There are 2 protein chains.
Amino acid sequence: MPGLTAVDEDDVSSAPRDGAPTADGADRPPAPGTAVPEAPAVPEATVARLPQYLRALSALAEAGSRTVSSEALAEAAGVGSAKLRKDLSHLGSYGTRGVGYDVEQLHRHIADRLGQAASWRVVIVGVGNLGHALAGYSGFASRGFTVVGLFDDDPAVIGRVVGGLRVRPLEEFGEVVGEPGSAIAVLAVPARHAQAVCDRLVAAGTRSVLNFAPTVLRVPDGVDVRKVDLASELQILAFHAQRRAAAPAHRPSAAGPRGATGAPAGPLLPHALHRVEEVV
Amino acid sequence: MPGLTAVDEDDVSSAPRDGAPTADGADRPPAPGTAVPEAPAVPEATVARLPQYLRALSALAEAGSRTVSSEALAEAAGVGSAKLRKDLSHLGSYGTRGVGYDVEQLHRHIADRLGQAASWRVVIVGVGNLGHALAGYSGFASRGFTVVGLFDDDPAVIGRVVGGLRVRPLEEFGEVVGEPGSAIAVLAVPARHAQAVCDRLVAAGTRSVLNFAPTVLRVPDGVDVRKVDLASELQILAFHAQRRAAAPAHRPSAAGPRGATGAPAGPLLPHALHRVEEVV
DNA sequence: AAGCGTTTGTGAACGCGCGCACAAAGTCGC
DNA sequence: GCGACTTTGTGCGCGCGTTCACAAACGCTT
Ligand SMILES: NC(=O)c1ccc[n+]([C@@H]2O[C@H](COP(=O)([O-])OP(=O)(O)OC[C@H]3O[C@@H](n4cnc5c(N)ncnc54)[C@H](O)[C@@H]3O)[C@@H](O)[C@H]2O)c1
Ligand SMILES: NC(=O)c1ccc[n+]([C@@H]2O[C@H](COP(=O)([O-])OP(=O)(O)OC[C@H]3O[C@@H](n4cnc5c(N)ncnc54)[C@H](O)[C@@H]3O)[C@@H](O)[C@H]2O)c1
């Protein structure tokens with residue numbers, strides 16, 4: 001959404017520009033020159049896709065590719081090539097026409113933009129069923145995140161060591177979180193406590209929250225909240241499944257069988273389906 | 001009416017919806033034959049919010065409310081009231097002017113639209129760190145889902161009982177999944193195996209997949225895939241956090257991302273922040 | 001150096017979703 | 001029974017995001 005008024009956002013990112021002799025020092029597109037410093041403002045939709053591009057680039061680099069075309073990278077990331085090029089254009093021009101993008105250089109650049117130059121500190125609050133799984137997840141490190149604290153308020157859980165970290169009481173939160181905005185909090189407490197816990201985290205300086213509890217969190221301006229609601233995801237899938245079931249095969253004959261991937265090409269949904277409700 | 005600023009959750013993450021849109025996506029206008037009665041075509045953005053409305057309605061019903069105004073329900077769901085009314089209008093008119101909506105009736109109606117009349121069958125594939133947490137999660141049942149099967153291929157895991165269900169080998173998948181499209185599969189296997197496992201599930205009749213593995217899944221038309229990528233969520237938060245850090249005290253009014261509170265909101269952002277990279 | 005094929009970057013059209021504002025429709029008070 | 005008030009439902013304008021299509025830019029070959 002339009003929410004963020006990206007303020008300046010100049011290319012101040014320390015401009016490491018290591019060895020890469022980009023030759024063209026003239027790719028400073030929006031030369032402000034006059035008037036307001038304005039904001040290149042990367043669109044939200046683009047930001048949401050950058051992680052996918054980064055993942056695809058990591059895979060390509062590991063596979064030995066040195067350059068990729070927008071077509072190939074888009075394929076790997078599961079998007080259209082035009083969309084990918086436009087997305088990258090918001091970050092600046094880092095491709096070479098006629099060749100493509102330098103895998104390593106583009107990876108570095110996107111990682112910089114995502115703040116992944118150094119590892120972000122992550123704290124997990126609520127080490128229950130879900131929090132335990134998250135604490136033991138090894139996939140965060142490779143994406144630029146380091147879990148530096150686990151918190152709970154259950155005496156039976158406090159003190160246990162999970163994933164190499166000791167579970168602490170919430171009172172010690174302030175000691176671990178550090179500077180305001182320097183850590184991301186993952187909320188994995190029961191829904192009825194989520195708001196209260198969130199308030200404490202914000203009071204302690206938290207500016208970024210990933211919420212797993214199925215509740216609407218109220219936070220002051222300046223705090224960023226993203227939610228992951230598994231039940232909602234299932235319900236959205238259920239909605240589509242139900243619609244699919246209600247609308248049987250249309251165009252019985254003329255249906256163009258544009259196969260996607262090696263898989264059964266046969267038309268599905270032979271007849272109406274029914275769901276059962278008993279448990280096995 | 002002009003009192004409070006529109007409450008408005010972030011919710012930017014609406015359906016990236018990669019892959020191929022279902023063939024029947026939106027071929028409504030040029031109705032070739034006779035006028036088809038069905039398919040008012042609920043917008044995707046609306047579908048993604050229906051679960052939130054349903055949750056809010058459940059809470060209201062439990063609190064004893066018999067009716068709600070669009071304003072109150074929107075507040076509870078964390079959206080704007082105009083948006084909510086427009087969303088509901090896509091489902092048909094079920095409100096009473098001058099009064100509001102009947103809580104129980106609206107809940108029933110939305111639940112019907114989401115196919116929640118009966119409990120959907122859910123199978124979890126990959127009972128590791130994450131799959132274990134999901135299998136033991138009690139929050140699915142109240143949202144209309146019943147876990148009916150757990151699958152893995154690790155002999156050390158097969159046979160174990162988790163959440164009252166025995167973990168089965170993938171070979172038995174076909175016996176449990178039932179009619180094509182009648183169950184939703186939750187993928188919680190390592191990324192490098194996700195595609196292969198997904199192919200097997202689809203071949204066995206699965207039409208809805210919720211993917212936790214950080215990979216792009218290729219599926220044939222007619223199969224609906226939604227992904228939950230925790231690392232990406234963190235990276236998006238990191239992007240905003242970094243931008244916030246780069247933009248010091250500016251205009252707090254329009255700056256922050258999606259404020260929710262309609263009142264005081266004492267934004268601080270005292271000074272620039274820095275991240276540290278060493279682990280504790 | 002010039003031509004040729006390739007690929008990027010982007011201008012422009014298009015469609016979707018959002019929020020405003022208001023008339024219609026209903027309730028409540030008298 | 002009637003007027004005033006409340007709240008829904010929606011028409012409309014607008015901005016964001018996606019897609020198409022193409023000229024400019026680049027490497028490679030001759
Ligand atoms: N488990 C899942 O697979 C799953 C799936 C989707 C959503 N969720 C949501 O994630 C959240 C956690 O789920 P769970 O299954 O891990 O629940 P859980 O009950 O197993 O764990 C919750 C943990 O939070 C701790 N806690 C409670 N109040 C606290 C407080 N005030 N401060 C600090 N810690 C506190 C508890 O001690 C417990 O350890 C819930 O909101 C749930 O709805 C879980
Ligand atoms: N644990 C988390 O908190 C977390 C967070 C984000 C994403 N993920 C993703 O979720 C997935 C699972 O994560 P995890 O931590 O549970 O991993 P895990 O290794 O703990 O569990 C994976 C399970 O899948 C099983 N498996 C492997 N190959 C299989 C196959 N071919 N068929 C059936 N089962 C198979 C394994 O036996 C194991 O039990 C991974 O893709 C991971 O990236 C996990």
Side-chain angles (χ1 to χ4, degrees), chain A residues 1-6 22-24 26-30 39-50 66-75 77-102 105-106, chain B residues 1-21 25-29 40-50 66-75 77-102 105-106 258:
Chain A
M1 282 177 357
L4 1 180
T5 317
T22 356
D24 69 310
D27 65 338
R28 291 289 114 83
V42 182
E44 265 303 306
T46 295
V47 174
R49 282 186 293 268
L50 292 183
R66 292 206 44 81
T67 62
V68 254
S69 66
S70 64
E71 192 87 30
L73 182 54
E75 167 79 9
V79 302
S81 62
K83 194 186 293 190
L84 176 124
R85 286 198 301 275
K86 178 143 290 190
D87 282 343
L88 294 184
S89 76
H90 291 297
L91 308 184
S93 296
Y94 287 86
T96 305
R97 300 176 184 226
V99 176
Y101 301 89
D102 183 284
Q105 178 187 356
L106 184 57
Chain B
M1 100 302 262
L4 52 159
T5 325
V7 258
D8 184 338
E9 262 287 66
D10 79 329
D11 196 22
V12 175
S13 60
S14 60
R17 206 83 298 198
D18 53 7
D27 45 346
R28 206 35 52 191
V42 182
E44 265 304 306
T46 295
V47 173
R49 282 185 294 267
L50 292 182
R66 293 206 44 81
T67 61
V68 252
S69 66
S70 63
E71 191 88 29
L73 182 54
E75 166 80 6
V79 302
S81 62
K83 195 188 294 191
L84 175 125
R85 287 199 299 276
K86 180 148 293 187
D87 282 343
L88 294 183
S89 76
H90 290 298
L91 309 183
S93 298
Y94 288 85
T96 305
R97 298 174 185 227
V99 177
Y101 300 89
D102 182 283
Q105 178 188 357
L106 184 58
R258 243 38 354 208

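Since this is a predicted model, take the numbers as computed values, not measurements. Values below: every heavy atom of this structure, side chains too, minus hydrogens, waters and symmetry copies. In what follows, chains are A, B, ... by sequence order, proteins preceding strands, each numbered from 1.
Looking only at side-chain heavy atoms (C-beta outward), Val79(A) and Leu73(A) stay at 4.5 Å or farther from each other. No side-chain heavy atom of Val68(A) sits less than 4.5 Å from a side-chain heavy atom of Asp102(A). Contact of the Asp87(B) side chain with the Val42(B) side chain is not registered, since no non-hydrogen atoms from C-beta on lie closer than 4.5 Å.
Atom-to-atom, CG of Asp87(A) to C1' of dT10(C) comes out at 13 Å; the value is rounded to the nearest Å. A straight line from CD of Glu44(A) to P of dC16(D) spans 12 Å, rounded to a whole angstrom. With rounding to whole Å, Lys83(A) atom NZ is found 11 Å from dC20(D) atom P.
In this view, Thr96(B) and Val99(B) satisfy the side-chain contact (heavy atoms from CB on, under 4.5 Å) rule, not counting sequence neighbours. Qualifying side-chain contact (heavy atoms from CB on, under 4.5 Å) partners for Glu71(A), counting only residues two or more places apart in sequence or in other chains: Ser69(A), Ser81(A). With sequence neighbours left out, Gln105(B) forms a side-chain hydrogen bond (donor to acceptor under 3.5 Å, both in side chains) with no residue at all. For Ser70(B), the side-chain hydrogen bond (donor to acceptor under 3.5 Å, both in side chains) partners at least two apart in sequence or on another chain are Arg85(B).
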- Could you encode protein contacts along nucleotides 7-12 of chain D as a string, one character per nucleotide from 5' to 3', using B for base contact, S for sugar-phosphate-only contact and - for no contact, with a heavy-atom cut-off of under 4.0 Å? BBBBBB

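The overall bend of the helix from dA1(C)-dT30(D) to dC30(C)-dG1(D), read as the angle between its terminal helix axes built from five base pairs each, is 10° when rounded to 10 degrees.
Nearest heavy-atom pair, His90(A) versus Thr46(A), reported as atom, atom and distance to 0.1 Å: CD2-OG1, 3.8 Å.
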